[in-house]
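Encoded as structure tokens, the structure appears first; notes follow it.
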Amino acid sequence: METSQGYSLFFFHAYEKPLKLAEALSSRKMILFGKLKLHLLSQRKHLPRTGLQNQLSTSEAMLNSLQDLHPLPKIILEYRQVHKIKSTFVDGLLAYMKKGSISSTWNQTGTVTGRLSAKHPNIQGISKHPIQISKPRDFKGKEKETVTISPRALFVSSEGHTFLAADFSQIELRILAHLSGDPELLKLFQESEKDDVFSTLTSQWKEIPMERVTHMDREQTKKVVYSVVYGAGKERLAACLGVTVQEATHFLERFLKKYKKIKDFSQTVISQCHHAGYVTSILGRRRPLPRICAQDQKLRAQAERQAVNFVVQGSAADLCKLAMIRIFAAVATSPTLTARLVAQIHDELLFEVEDAQVPEFAALVRRMMESLQQVQTLELQLKVPLKVNLTVGRSWGHLAPL
DNA sequence: CTAAATTCC
DNA sequence: ACCAGGAATTTAG
């Protein structure tokens with residue numbers, strides 16, 4: 001059939017009866033590559049393809065490259081964005097709602113790193129930032145109407161209660177500073193404890209004053225730092241920064257030169273993993289990585305990145321879980337406090353607490369979380385302080401610093 | 001770069 | 001009508 005044009009026979013074999021042509025053409029690939037043959041019109045030599053079946057891809061990059069040829073690719077991209085948002089944040093949440101509230105299922109043992117995960121719904125994946133969607137412009141109207149959805153603002157505390165969120169700031173970076181002992185990184189946390197670290201880093205290597213650092217700059221820095229730490233290549237970094245591969249390479253060298261011991265730390269973790277076959281988090285949890293010995297270069301490189309990632313991300317997960325159970329214990333034994341944990345989003349704990357108890361509870365949470373810098377019984381003694389951010393509000397989407 | 005869940009095809 | 005795997009979306013460092 002159409003195999004010569006590069007798409008699979010899946011749609012035909014998946015059904016007992018052959019599909020009618022009209023049904024078959026409802027597939028985007030059928031339209032894009034079958035009917036319109038846009039891939040043949042494209043100037044590019046190597047079009048994006050999927051992994052195993054080597055089909056032509058309908059990825060974002062592909063559709064972008066095709067959008068000058070036909071209006072359809074852009075429409076597909078818009079449709080994807082809008083539909084995803086409606087189905088997960090509107091229809092999806094409504095489907096899980098029981099008596100005006102929803103309750104996720106939490107899996108405490110489901111991830112390789114030791115983080116928690118949630119499903120039905122995945123409350124950890126609910127968009128943080130409001131999403132703007134432009135309505136299809138009607139032919140008469142001149143104003144482009146937009147509707148904004150802020151999914152987290154849908155969650156409101158019950159009467160007489162407020163949400164209190166407590167999160168560790170830059171927990172993984174602090175753990176990395178501790179484990180690597182990198183002097184520059186340690187300095188960043190030990191002396192400038194008042195400032196925001198990612199803003200400081202942004203102003204340092206973009207060579208702009210602190211007050212000119214925008215939220216976008218800060219978010220980009222955050223992404224870049226973690227990418228680089230966990231072993232991103234120059235191509236990935238270039239794409240992330242929106243610069244050329246040369247510039248990205250230069251940036252990478254400069255970063256690893258300034259924070260020299262990060263590389264040493266990675267190498268140590270990798271060689272330990274190679275000898276033992278596993279890596280260990282700060283509280284002694286293990287992750288086996290048998291592929292660290294693989295002959296295949298790609299598989300081995302992946303295992304090496306996973307090893308480094310686990311030691312840091314897994315250690316952060318250890319501390320977050322420890323914070324959680326210690327706060328549980330403190331609340332359980334308190335004669336007065338009645339706060340309850342509503343959600344856990346990795347390094348953030350979200351509580352619901354009686355309005356009158358907010359100050360007392362906030363103090364308790366801060367004390368519990370910061371005290372994890374040293375825990376004698378676990379022989380834990382971090383070289384960096386742990387910083388805790390507290391925010392409060394009636395709506396999850398509009399929490400303000402305490 | 002590393003972790004996840006969800007939705008659609 | 002369902003399954004399976006993949007791609008793309010979001011989240012978190």
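Chain letters run A, B, ... following the sequence lines, proteins first and then strands; every chain starts at 1.
Annotation: cation-pi geometry satisfied between Arg286(A) and Tyr278(A) (NZ/CZ under 6.0 angstrom from ring centroid, within 45° of ring axis).
Checked by atom type and distance alone, the side chain of His398(A) never pairs as donor or acceptor with a backbone atom of Arg394(A) at under 3.5 Å.
Side-chain contact, Lys234(A) with Gln246(A): no donor N or O sits under 3.5 Å from an acceptor N or O. No donor-acceptor contact under 3.5 angstrom links the side chains of Ser117(A) and Gln124(A), judged on distance only.
Asp347(A) places its CG atom 13 Å from the C1' atom of dA3(B), with the value rounded to the nearest Å. Rounded to a whole Å, the CZ atom of Phe198(A) is 9 Å from the P atom of dG13(C). What separates CD of Glu348(A) from P of dT11(C) is a distance of 13 Å, to the nearest Å. For the pair Phe265(A) CZ and dT2(B) P, the computed distance is 16 Å after rounding to whole Å. A straight line from NE2 of His346(A) to C1' of dA3(B) spans 7 Å, rounded to a whole angstrom. Atom pair Asp318(A):CG and dG13(C):P shows a separation of 17 Å (rounding to whole Å applied). When rounded to the nearest whole Å, the span between CD1 of Ile262(A) and C1' of dC1(B) equals 13 Å. Going from atom CG of Leu289(A) over to atom P of dT2(B) covers 12 Å, rounded to whole Å.
Contact annotation for Gly233(A): backbone-only contact, meaning every heavy-atom pair under 4.0 Å involves sugar-phosphate atoms and none involves a base. Within 4.0 Å (heavy atoms only), Ile171(A) reaches sugar-phosphate atoms of the nucleic acid but no base atom. Among the atoms of the strands shown, base atoms are found under 4.0 Å from some heavy atom of Arg115(A). As judged by a 4.0 angstrom heavy-atom cut-off over every strand, Ile126(A) is placed among residues touching the sugar-phosphate backbone only. Across all strands, Gln344(A) comes closer than 4.0 Å to no nucleic acid atom at all (heavy-atom distances). Counting non-hydrogen atoms under 4.0 angstrom, Thr111(A) reaches the backbone sugars and phosphates but no base. Residue contacts shown for Gln306(A) are limited to sugar-phosphate atoms, with no base heavy atom under 4.0 Å away. Backbone-only contact: Val112(A) has heavy atoms under 4.0 Å from sugar-phosphate atoms and none from a base. Within the nucleic acid shown, Ala118(A) comes within 4.0 Å of sugar-phosphate atoms alone, with no base atom in reach, counting heavy atoms only.
When distances are taken from the side chain of Arg152(A) to each of dT10(C), dT11(C), dG13(C), the shortest belongs to dT11(C). With distances taken from any side-chain atom of Thr113(A) to the nucleotides dG13(C), dA3(B), dA4(B), the minimum falls on dA3(B). Among the nucleotides dT7(B), dA3(B), dA4(B), the one closest to the side chain of Ser87(A) is dT7(B). Of all nucleotides listed (dG13(C), dT11(C), dT2(B)), dT11(C) comes nearest to the side chain of Ser127(A). Considering only side-chain atoms of Arg236(A), the nucleotide from dC1(B), dT7(B), dA5(B) that sits closest is dC1(B).
For the residue pair Glu172(A) and Arg115(A), the shortest heavy atom distance occurs at OE2-NH1, 3.5 Å.
Residue His83(A) places none of its side-chain N or O atoms closer than 4.0 Å to OP1 or OP2 of dT7(B). Residue Lys128(A) has no polar side-chain atom (N or O) positioned under 4.0 Å from OP1 or OP2 of dT10(C).
In this structure Asp217(A) satisfies the salt bridge (charged side-chain N to carboxylate O under 4.0 Å, His left out) test together with Lys206(A), sequence neighbours excluded.
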